[in-house]
Amino acid sequence: MPASTHKALKIDGSTGEGGGQIIRTALSLSMLTGTPIEITNIRAGRAKPGLMRQHLMCVQASQQISNASVSGAHLGSMAFTFTPSTVQAGDYTFDIGSAGSTSLVLQTLLPALLFANADSSNKSTVTIIGGTHNPLAPTTDFLQHAFVPLLAKLGMQVEIECVQAGFAPIGGGAIKATVAPFVRRANASRLDLTERGKLVSTELVASVLNLEYDICLRELASAKAALVEAGMDEALITTRGNKLYGIGEGNTCYAKVTHESISIQNHKEYHSEIFTLLGEKRSSAEKIGGRLSGLVKRYLFDTDALIDEYLTDQLLLPLALAGGGAFSARVISEHSKTQAWLIEQFLPVAITFDAIEDEQILVRITC
């Protein structure tokens, strides 16, 4: 539907969590629905309010792929308007110009590109230059090993390549995503990820960019020892170290925890949660490895939920677009509550959070 037939939706950017997520999700949904938006009070409660460089790139990239009309968008701006036209599949490159998160820019564009020219077979490619491993943002590893596999279960075909790594403060990393147009399958069943089955494997991965490889070995040894001490079967644990390519320096590690998942239809599949950490100058490799094991232990031993906090936040919009579904979540963050509220402003869906028991919440997206 042409954007001109829609009434502009006014959004208070200080609502709920009140951060950059409101900007990113509002842009995604504006492009998907053709709804013009006016966002005010952008990041009003933050130490540095208004649009930062990364947020501005989300606006500019969205403008380019949807041929949108934009006013008021500049660094530090507390308000802007965005009126999209038709989203076009294509080959795009965006340079954030800082170490800002490439993942967050990509997640703004992905929903729109999945539905761009859906009647064609044209794939889109998006290359984004900036930070690939950022604090307070999903790393490229998280997108590749947690987010993309869940999109695939919904029939959404996305591939993400880490061309080169980039850490703060220099950045200089690059990711490339290939996005196929989404076609909903007529007989597709709703995603159901409510019951966690047996533990299949835990893969520990540590990587360095232009730092001593020994850091990886020490992080992996520390994390593995802590998990074995906590009672995990050592045979289920594998470790792997990587040397990353890029400029600057950095260290990151993650744990990939894979379980069987049992659907309502009693169909057995597999689900992986990814827990990531970045190295810190004042923290030893042993301490980082110990912290990584702590994230895994909290998930394994404190809850029977299948989906952890960050994936909960990112799964709501794809499920709303793919026809709904349900999953068990460990916790519902302010991010997730704000995300649910915003999705309901644009789409005819209902998102509910119902406590099942301690440390487990049933999330339902009904379309």
Side-chain angles (χ1 to χ4, degrees), residues 1-43 51 55 58-73 79-88 104-118 147 150-151 154 156 179 181-182 184 190-191 312-327 332-353 363-367:
M1 184 179 292
S4 59
T5 67
H6 289 264
K7 182 179 178 180
L9 180 62
K10 296 184 178 181
I11 300 166
D12 184 342
S14 65
T15 302
E17 187 272 335
Q21 181 188 36
I22 289 180
I23 301 165
R24 294 186 294 270
T25 302
L27 287 168
S28 296
L29 287 162
S30 173
M31 290 187 285
L32 281 163
T33 63
T35 304
I37 55 175
E38 178 183 346
I39 305 182
T40 58
N41 298 322
I42 292 172
R43 303 177 65 252
L51 292 175
H55 310 118
C58 290
V59 178
Q60 293 170 338
S62 298
Q63 179 181 20
Q64 184 170 334
I65 72 169
S66 68
N67 193 29
S69 298
V70 178
S71 66
F80 71 88
T81 65
F82 181 91
T83 303
S85 184
T86 304
V87 177
Q88 295 292 336
L104 294 179
V105 175
L106 177 61
Q107 287 192 320
T108 305
L109 307 177
L110 265 183
L113 289 175
L114 280 164
F115 287 84
N117 301 343
F147 186 60
L150 275 182
L151 293 183
L154 296 171
M156 298 176 176
V179 186
F182 173 62
R184 186 179 287 116
R190 287 158 52 94
L191 186 70
T312 292
D313 183 44
Q314 295 170 33
L315 188 52
L316 297 179
L317 181 53
L319 271 176
L321 297 174
F327 61 90
I332 303 300
S333 66
E334 286 302 313
H335 259 274
S336 294
K337 293 175 184 176
T338 304
Q339 182 82 332
W341 166 80
L342 194 53
I343 291 169
E344 289 176 338
Q345 306 309 301
F346 286 87
L347 300 176
V349 302
I351 301 174
T352 57
F353 306 117
V363 181
R364 289 190 185 278
I365 297 91
T366 306
C367 303

Problem - Whether Q345 side chain and W341 backbone form a donor-acceptor pair below 3.5 Å - result: yes

Problem - Full working for side-chain contact (heavy atoms from CB on, under 4.5 Å) between L104 and T108 - result: CA-CA 6 Å; L104 294 179; T108 305; 5.7 Å; no

Problem - Spatial distance of atom CD1 (I22) from atom CD1 (I11) [nearest 0.5 Å] - result: 8.0 Å

Exercise for the section: Dump the intermediate steps for side-chain contact (heavy atoms from CB on, under 4.5 Å) on I23 and L51, then the final yes or no. Expected result: CA-CA 9 Å; I23 301 165; L51 292 175; 3.6 Å; yes

Exercise for the section: Would you check if the side chain of R190 reaches a backbone N or O of G323 as a donor-acceptor pair within less than 3.5 Å? Expected result: yes

Problem - Closest non-hydrogen atom pair between M156 and F182, with its separation - result: CG-CD1, 3.7 Å

Practice task
Over all heavy atoms of both residues, which pair between T312 and F327 is shortest? Give the atoms and the distance, please.
Solution key: OG1-CE1, 3.7 Å

Practice task
Please confirm whether the backbone N or O of T35 pairs with a side-chain atom of S30, one donor and one acceptor, at under 3.5 Å?
Solution key: yes

Completion exercise
K337 meets the salt bridge (Lys or Arg N to Asp or Glu O under 4.0 Å) criterion, sequence neighbours left out, with E334

Completion exercise
Residues A116 and Q88: closest non-hydrogen pair is CB-C, 4.2 Å

Practice task
Nearest 0.5 Å please: distance from the OG atom of S14 over to the CD1 atom of I42.
Solution key: 10.5 Å

Practice task
Check for a donor-acceptor pair, side chain of T81 on one end and backbone N or O of E38 on the other, with a separation under 3.5 Å.
Solution key: no

Exercise for the section: Provide the full list of salt bridge (charged side-chain N to carboxylate O under 4.0 Å, His left out) pairs with a residue in residues 9-26, sequence neighbours left out, each pair given once. Expected result: E17-R46

Practice task
State the CG-CD1 distance between L315 and I365, to the nearest 0.5 angstrom.
Solution key: 6.5 Å

Handout entry: Inter-residue atom distance T25.OG1 - D313.CG, 0.5 Å rounding
Key = 7.5 Å

Practice task
List in chain and number order the residues that pass side-chain contact (heavy atoms from CB on, under 4.5 Å) with A340, two or more places apart in sequence or in another chain; answer none if no residue qualifies.
Solution key: L316, I351, F353

Problem - From CG (L29) to CG (L9), nearest 0.5 Å - result: 9.5 Å

Exercise for the section: Working to the nearest 0.5 Å, report the span between SG of C367 and CG of L347. Expected result: 8.0 Å

Exercise for the section: Looking only at non-hydrogen atoms, find the nearest pair between A26 and F346 and report the distance. Expected result: O-CZ, 4.0 Å

Fill in the blank from the handout: Residues M31 and S62: closest non-hydrogen pair is CE-OG, 3.4 Å

Practice task
Carefully, step by step, assess L342 and T15 under the rule side-chain contact (heavy atoms from CB on, under 4.5 Å).
Solution key: CA-CA 9 Å; L342 194 53; T15 302; over 6 Å; no

Completion exercise
Between V59 and A73 the two heavy atoms that sit nearest each other are CG1-CB, 3.9 Å

